[in-house]
Amino acid sequence: MPHPLKPYKTIAEQIDLLRSRKMIIDDQSLAEQWLQTVGYYRLSGYWYTRRVMNPPGSPTYRGDDFMPDTKFSDIAKLYEFDRKLRTQVHDGIERVEIALRTALAETLGGIDRLAFYNRDNFRIRKHNEYAHYDLISTVSSRVNRALKAKDSFHIRHNVEKYGTQLAPWVLMDVFDFSDLSKLFRLLNADEQSEVAALVGINTRTLRLSPAEARDLRKDHPLSAALHQLSILRNKSAHHARIWNCTLVPMGTRFLVKLDGLATLPTTAQNQSTQQFQSERLYGALLLIAQILQTVSPGSSWAGKTAELVATALQDIPFLTKDELGFPSGWRSESIWQ
């Protein structure tokens with residue numbers, strides 16, 4: 001049977017509860033302010049990792065009490081770090097998104113001004129025979145959404161002048177980031193390679209064995225990377241925690257061979273196939289930094305991100321680089337300077 005709902009508690013009662021569970025309330029007014037404006041339930045996600053571990057075999061993974069020296073002020077610092085990190089991630093992915101739109105428009109536009117409407121321009125996999133139909137459905141949905149928006153004069157102009165079948169450079173402007181990610185996955189191998197090179201993930205220069213080259217053509221590693229960035233973008237936009245999140249896996253087998261990406265995780269999930277993957281925040285941040293070197297040369301994004309992380313690791317006693325997926329020696333890598 002479901003447990004009864006927990007009773008409502010006032011701010012004062014919430015503070016008393018935290019104290020009873022051995023959290024140090026080092027600033028009463030600070031705690032009252034944060035609990036009043038951010039809320040106990042949301043903050044609980046930030047102090048969860050500071051709850052004591054239960055012995056193996058216990059019905060729950062963590063107990064109610066906090067580890068020694070857990071201060072409310074440090075929980076507030078962690079929250080602020082995560083908030084600033086979300087803002088930084090959103091800023092970086094915005095630039096990646098614009099560059100990706102342009103690269104897709106250039107590549108598909110070079111094939112045909114009506115490239116979207118020709119099934120042969122896309123990779124239709126087995127068990128996914130309706131992928132092109134789904135793509136056209138997405139196109140129609142996004143165009144209709146744009147036509148209903150008061151500020152989409154450019155879309156309305158193109159539809160009125162040229163009809164409902166629109167060129168890639170027009171359609172790119174109505175696609176969401178997740179749409180762009182799915183579109184990239186549908187591209188044929190040569191077009192995937194071209195788009196990836198345009199945004200700084202150039203695998204054409206890699207020296208690969210014939211077997212590796214065949215595997216690379218099956219699906220470019222940027223495909224899974226864009227899916228991961230899409231998830232991270234949504235988390236950031238909806239104010240979810242990202243500092244210790246686990247993301248959908250991004251394969252690193254080929255990416256680690258590229259200059260600047262050698263510090264991506266290379267722990268094999270399956271030793272027989274060497275399927276390396278990255279699921280933590282560091283891999284996504286490194287990919288953004290790598291892309292910005294090409295699409296936004298001179299950008300200070302990587303340096304600001306590195307400084308934000310380094311400061312948090314210094315100021316928050318319990319925060320570790322492992323929770324963010326950062327490798328040893330990451331700060332000395334040239335990409336973060």
Side-chain angles (χ1 to χ4, degrees), residues 89 92-93 96-97 99-100 103-104 107 122-128 131 177-236 242 244-295 302 322 324-327 330 333 335:
V89 164
I93 293 181
V96 171
E97 179 176 350
L100 181 60
L104 286 164
T107 301
F122 301 96
R123 189 194 313 234
I124 308 301
R125 294 172 170 85
K126 188 177 180 181
H127 306 307
N128 194 24
F177 191 88
S178 61
D179 299 329
L180 301 176
S181 171
K182 294 172 185 176
L183 175 60
F184 181 86
R185 189 170 189 274
L186 281 179
L187 295 180
N188 290 314
D190 289 341
E191 283 70 52
Q192 280 190 338
S193 181
E194 181 177 347
V195 170
L198 286 171
V199 298
I201 308 298
N202 188 4
T203 55
R204 293 169 168 174
T205 60
L206 295 179
R207 300 179 65 179
L208 304 175
S209 68
E212 288 177 323
R214 286 193 298 271
D215 287 345
L216 181 61
R217 289 185 65 83
K218 290 177 182 177
D219 197 15
H220 197 282
L222 185 59
S223 180
L226 290 176
H227 185 201
Q228 185 180 94
L229 291 185
S230 175
I231 299 298
L232 181 58
R233 180 190 181 280
N234 289 341
K235 282 180 173 291
S236 298
I242 65 170
N244 67 342
C245 67
T246 299
L247 300 164
V248 294
M250 169 179 65
T252 61
R253 177 186 174 193
F254 297 110
L255 293 177
V256 292
K257 298 176 183 289
L258 297 173
D259 291 341
L261 297 182
T263 55
L264 282 172
T266 56
T267 301
Q269 302 302 307
N270 183 326
Q271 292 291 341
S272 63
T273 57
Q274 296 291 295
Q275 292 178 343
F276 302 158
Q277 64 182 29
S278 171
E279 300 174 322
R280 306 310 296 273
L281 184 63
Y282 177 77
L285 296 180
L286 182 60
L287 188 76
I288 296 171
Q290 176 80 357
I291 292 175
L292 292 187
Q293 284 191 331
T294 295
V295 305
D322 294 336
L324 293 92
F326 277 56
W330 69 274
E333 292 293 320
I335 198 168

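Worth saying up front: this structure is predicted, and the values here are computed from it rather than measured.
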Listed partners of [X] passing side-chain contact (heavy atoms from CB on, under 4.5 Å), at least two apart:
X	value
Ser209	Ala211, Glu212
Thr107	Glu191, Glu194, Val195, Leu198
Gln293	Gln290, Ile335
Ser178	Asp176, Ser230

Without swapping roles, check the side chain of [X] against the backbone of [Y] for a donor-acceptor pair under 3.5 Å.
X	Y	result
Thr252	Pro265	yes
Gln228	Gly283	no
Gln277	Pro249	no

Please list, one pair per line, the donor and acceptor atoms closer than 3.5 Å that link side chains of residues 257-264 to other protein atoms, with sequence neighbours excluded.
unit_1, atom_1, unit_2, atom_2, d
Thr263, OG1, Tyr282, OH, 2.6

Measure the spacing between [atom1] of [X] and [atom2] of [Y] and express it to the nearest 0.5 Å.
X	Y	atom1	atom2	result
Phe254	Thr203	CZ	OG1	8.5 Å
Leu287	Ile93	CG	CD1	9.5 Å
Phe177	Lys182	CZ	NZ	12.5 Å
Leu216	Gln192	CG	CD	8.5 Å
Ile231	Leu247	CD1	CG	8.0 Å

For Arg280 and Thr246: C-alpha separation, side-chain torsions, deciding distance, then whether side-chain contact (heavy atoms from CB on, under 4.5 Å) applies. CA-CA 5 Å; Arg280 306 310 296 273; Thr246 299; 4.1 Å; yes
With sequence neighbours excluded, what pairs up with Asp215 under the salt bridge (charged side-chain N to carboxylate O under 4.0 Å, His left out) test? Lys218, Arg253
Using the test salt bridge (charged side-chain N to carboxylate O under 4.0 Å, His left out), find all partners of Arg185 that sit at least two apart in sequence or belong to another chain. Asp219
Between [Y] and [X], is there a side-chain heavy-atom distance shorter than 4.5 Å?
X	Y	answer
Ile124	Asn128	no
Arg123	Leu187	no
Leu180	Leu226	no
Trp330	Leu286	no
Arg233	Val96	no
Leu232	Leu281	yes
Lys235	Val89	no
Leu285	Leu324	no

With sequence neighbours excluded, residues passing side-chain hydrogen bond (donor to acceptor under 3.5 Å, both in side chains) with [X]:
X	result
Ser236	none
Arg217	Asp190
Arg207	none
Asp179	Arg142

Would you please name every residue forming a ring-ring contact (aromatic ring centres under 6.0 Å, His included) with Phe122, sequence neighbours left out? His132
Report the C-alpha separation of Met250 and Leu255 in whole Å, then their side-chain angles, then the decisive distance to 0.1 Å, and conclude whether the side-chain contact (heavy atoms from CB on, under 4.5 Å) test is met. CA-CA 10 Å; Met250 169 179 65; Leu255 293 177; 4.1 Å; yes
